[in-house]
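See below for the structure under consideration.
Note on naming: letters A, B, ... go to the chains in the order of the sequence lines (proteins, then strands), and numbering restarts at 1 for each one. The model shown is predicted, which means the values in this text are computed figures rather than measured ones.
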There are 2 protein chains.
Amino acid sequence: MVTSRDVAALAGVSQSTVSYVMSGSRSISRKTRARVEEAMRQLGYQPNASARALAGRRTHVLGLVVHVSARTELAGVLPFIETITAAAREREYDIVLVTADEGRAGLERLARRGIVDAFIVMDVTREDERIDTLTTLALPTVLIGRPDDSRGLHCVDVDGWRAGELAVEELIAAGTGKVIVIGEPADVPDDRYRFIADFEAGACHQAEHADVSAEVVHPPEPGWPGILATRDLLLSAHERTGILARTPIAAERVVQLLLEAGIAPAHDVPVVAMCEDDVAQELRIPVTNVSADSRQVARRAVDALFVQLRGGTDLPGLQLVAPTLTRRATTMTSQDRGRAGLDATEASRHT
Amino acid sequence: MVTSRDVAALAGVSQSTVSYVMSGSRSISRKTRARVEEAMRQLGYQPNASARALAGRRTHVLGLVVHVSARTELAGVLPFIETITAAAREREYDIVLVTADEGRAGLERLARRGIVDAFIVMDVTREDERIDTLTTLALPTVLIGRPDDSRGLHCVDVDGWRAGELAVEELIAAGTGKVIVIGEPADVPDDRYRFIADFEAGACHQAEHADVSAEVVHPPEPGWPGILATRDLLLSAHERTGILARTPIAAERVVQLLLEAGIAPAHDVPVVAMCEDDVAQELRIPVTNVSADSRQVARRAVDALFVQLRGGTDLPGLQLVAPTLTRRATTMTSQDRGRAGLDATEASRHT
DNA sequence: TTGAAAGCGCTAACAA
DNA sequence: TTGTTAGCGCTTTCAA
């Protein structure tokens with residue numbers, strides 16, 4: 001193993017000088033710096049992380065707490081993980097994964113053993129017991145999600161209320177006279193996550209505002225059978241039903257049901273989904289979607305974390321990311337489609 | 001911060017005794033051990049990871065290299081990550097995530113800086129440039145996947161050939177006279193991963209063996225448009241077509257196309273997919289699937305890694321996990337379904 | 001602008 | 001069975 005002593009010896013300087021060249025926390029003459037850097041290059045030197053952490057009291061590691069086992073929205077966490085990892089690496093930080101089922105003990109272990117400098121916690125519920133642990137650990141922390149009481153911890157989340165509003169606005173513009181929101185399966189509480197509660201509330205509020213009826217449907221069971229059980233409700237096109245799906249999976253299933261029944265999303269029944277743009281674009285029919293851009297959420301979370309790591313204290317406490325709506329086939333009229341230069345065949349083929 | 005010195009002081013022993021109590025590498029009297037453990041408990045002591053790593057030359061961290069950004073099969077990696085993390089934690093190891101696009105440099109950094117003790121590398125291609133780096137780094141390593149030349153690195157993979165065989169066997173038993181394998185989109189080389197190449201070869205071999213024609217179809221583009229372009233081929237039921245999808249996404253799309261066209265998977269066109277059991281069960285119609293059980297693959301990989309970490313050298317070099325087939329609706333006759341006590345309505349409704 | 005030296009909190013060899 | 005001590009490879013203070 002190559003150590004800073006080896007580098008120092010080769011460069012003919014003291015070991016501490018090598019350290020100062022790396023940290024930049026002391027001015028070094030051009031000549032010395034050049035010699036040291038050349039020696040590092042020659043030896044392929046890489047500073048030992050444990051020694052550095054021990055002496056410097058910084059591990060350069062972030063703890064990322066994720067619900068990998070939750071079946072719901074399985075793929076949704078990957079863009080987060082990807083973006084967080086990349087953003088951390090840009091700042092010379094590595095990521096240690098913690099699964100949520102390690103719970104509070106996992107957080108304590110990572111913090112107390114000095115494995116991580118900071119935490120990013122995803123899938124935060126409204127009454128998350130980890131908040132307590134995190135506040136006493138007193139490490140820089142960012143929550144993705146929004147607890148009812150964040151106890152001063154910084155939160156980044158998508159504005160669920162606005163997302164619901166946007167979606168319903170679009171449904172109504174597409175001619176909806178009755179909004180059906182596909183909610184959680186009946187056995188799952190839908191106020192566990194603030195985002196979901198806000199989303200449904202925002203949607204209903206916007207419907208009410210436009211004097212349109214709205215209903216949150218809770219499938220009696222999870223998965224396909226659950227959606228199938230709501231089939232009759234969804235197919236009641238004569239009521240000018242418009243459907244709002246909170247997940248891409250729900251959207252996919254709804255679209256599929258409509259197509260099988262010979263109903264064209266858009267023409268007969270408008271559909272809006274809450275999901276990422278790329279996913280919306282890749283469904284059977286491109287679905288008009290409200291997108292949260294998880295990459296942006298992730299980037300903001302990492303940014304906020306590094307503000308804290310640098311001792312910053314002037315954080316807003318809550319950053320709500322505004323969702324955006326992208327109109328696609330499922331809320332377009334045929335004129336729209338012509339105007340957009342799109343091929344109407346796909347959707348109309350099934351009417 | 002609570003250190004082992006604090007514990008030692010409270011317990012009235014030397015600091016090294018505390019260390020020996022933790023490692024168990026020296027016999028300690030019952031009395032002393034009890035006193036030390038009580039002191040640890042009282043102080044909530046957790047050993048500092050950096051100090052431990054520096055002194056003990058073991059970081060207790062594994063590097064997990066994953067392709068998080070690859071759009072294909074996005075959700076597929078999560079069970080791996082979950083299982084690997086859990087298995088590592090059982091052995092007191094943490095996981096540092098490395099994204100594959102850090103490439104060889106990422107591996108070198110982690111190894112040379114002493115951040116990790118070992119590597120698990122996923123998504124290994126047949127000609128993976130990282131193999132070179134890994135062999136020179138000489139850390140314990142397990143590859144998930146199968147390069148053409150593993151250079152002595154231990155590999156764990158699913159037996160793709162067997163998977164292809166099993167699937168086609170089932171299709172033929174279900175009355176298939178012509179096997180269509182949904183292959184990679186035309187712009188993606190399908191011999192990049194050994195598993196894919198073997199899967200297609202195994203499938204074709206098995207078809208040939210039964211004197212049935214087989215064809216690997218490469219959709220002209222990725223995503224839905226690609227599948228749509230193969231529609232006519234897939235719907236040629238009069239040729240007693242049987243469809244083999246290598247991914248759950250392809251399976252989902254095929255099933256959907258068939259249903260929209262009023263063709264019942266199973267009754268008219270049998271479908272077999274390569275995917276996890278839970279996913280197969282949750283598609284529009286439960287699809288007969290060949291399953292690799294990624295959890296088992298992951299567990300074997302971690303096991304093999306710890307054999308190496310303990311200095312073991314008698315590893316086989318390659319562990320091929322045998323896939324299993326589960327018959328579901330898409331290859332059942334109506335009799336089967338009756339026998340299995342299942343409801344035939346779903347599938348037959350669309351015939 | 002640089003060097004010497006004292007830790008950081010552990011592990012493990014050596015000594016008793 | 002236990003204690004003493006010399007590092008592990010850095011960061012950072014103190015001194016020049």
inquiry  = Taking B:V61's backbone N and O only, do any of them form a donor-acceptor pair with B:D94's side chain (distance below 3.5 Å, no angle check)?
reply    = no

message = How many whole angstroms separate atom CZ of A:R52 from atom C1' of D:dT12?
response = 14 Å

request  = Mind calculating the distance between CD1 (B:I115) and P (D:dG9) to the nearest angstrom?
outcome  = 15 Å

request  = From the options C:dC10, D:dT2, D:dC10, select the nucleotide whose nearest atom is closest to the side chain of A:S4.
outcome  = D:dC10

message = Tell me the interatomic distance from A:L43, atom CG, to D:dG9, atom P, rounded to whole angstroms.
response = 14 Å

inquiry  = Between A:E37 and A:R33, does any side-chain N to carboxylate O distance fall below 4.0 Å?
reply    = yes

ask   = NA contact type, B:V18, heavy-atom cut-off 4.0 Å: base, sugar-phosphate, or nothing?
value = nothing

key: Under-4.0 Å side-chain N/O to phosphate OP1/OP2 contact, B:R5 with C:dG9   = no

query = NA contact type, B:T3, heavy-atom cut-off 4.0 Å: base, sugar-phosphate, or nothing?
reply = sugar-phosphate

query = Would you say the side chain of A:Y20 and the base of C:dA4 hold a donor-acceptor pair, judged only by whether the two atoms sit under 3.5 Å apart?
reply = no

B:Q42, CD: over 12 other non-hydrogen atoms inside 6.0 angstrom = yes

inquiry  = Which nucleotide wins on minimum distance to the side chain of A:S16, given the candidates C:dA4, D:dT2, D:dT5?
reply    = C:dA4

key: Presence of A:S29 side-chain N/O under 4.0 Å of C:dT2 phosphate oxygens OP1/OP2   = yes

task = Would you mind telling me which of C:dT2, C:dC10, D:dT11 lies closest to the side-chain atoms of A:T32?
result = C:dT2

Rounded distance in Å - CE (B:M1) to C1' (C:dG7) = 14 Å

note = Residues B:I115 and B:T59: closest non-hydrogen pair is O-OG1, 3.3 Å

task = Take atom CG of B:N48 and atom P of C:dC10, then tell me their distance rounded to the nearest Å.
result = 6 Å

remark   = DNA chain D nearest-nucleotide lookup for B:A55 and A:T17: closer to the 5′ end is B:A55

query = Quick one: OG on B:S291 to CG on B:D278, what's the gap to the nearest 0.5 Å?
reply = 8.5 Å

Going by atom type alone, with no hydrogens or angles, which donor-acceptor pairs under 3.5 Å involve a side-chain atom of residues 305-321 of chain B and a protein atom two or more places apart or on another chain?
residue: B:Q308; atom: OE1; partner: B:T141; partner atom: N; Å: 3.1
residue: B:Q308; atom: NE2; partner: B:T141; partner atom: O; Å: 3.0
residue: B:Q319; atom: OE1; partner: B:H154; partner atom: NE2; Å: 2.9

message = Need to verify one output field. Residue with the more 5' nearest nucleotide on DNA chain D, B:K31 or B:A51?
response = B:K31

ask   = Please give, in whole Å, the distance from D:dC10 C1' to B:R113 CZ?
value = 12 Å

message = So, OP1 or OP2 of D:dC8: does either fall under 4.0 Å of a side-chain N or O from B:R57?
response = no

query = Is A:S14 side chain donor-acceptor paired with the C:dA4 base, going by distance under 3.5 Å alone?
reply = no

ask   = Would you say the side chain of A:R26 and the base of C:dT2 hold a donor-acceptor pair, judged only by whether the two atoms sit under 3.5 Å apart?
value = yes

ask   = In whole angstrom, what separates A:H60's NE2 from D:dG9's P?
value = 19 Å

query = How long is the line joining CG of A:L54 and C1' of C:dA6, in whole Å?
reply = 13 Å

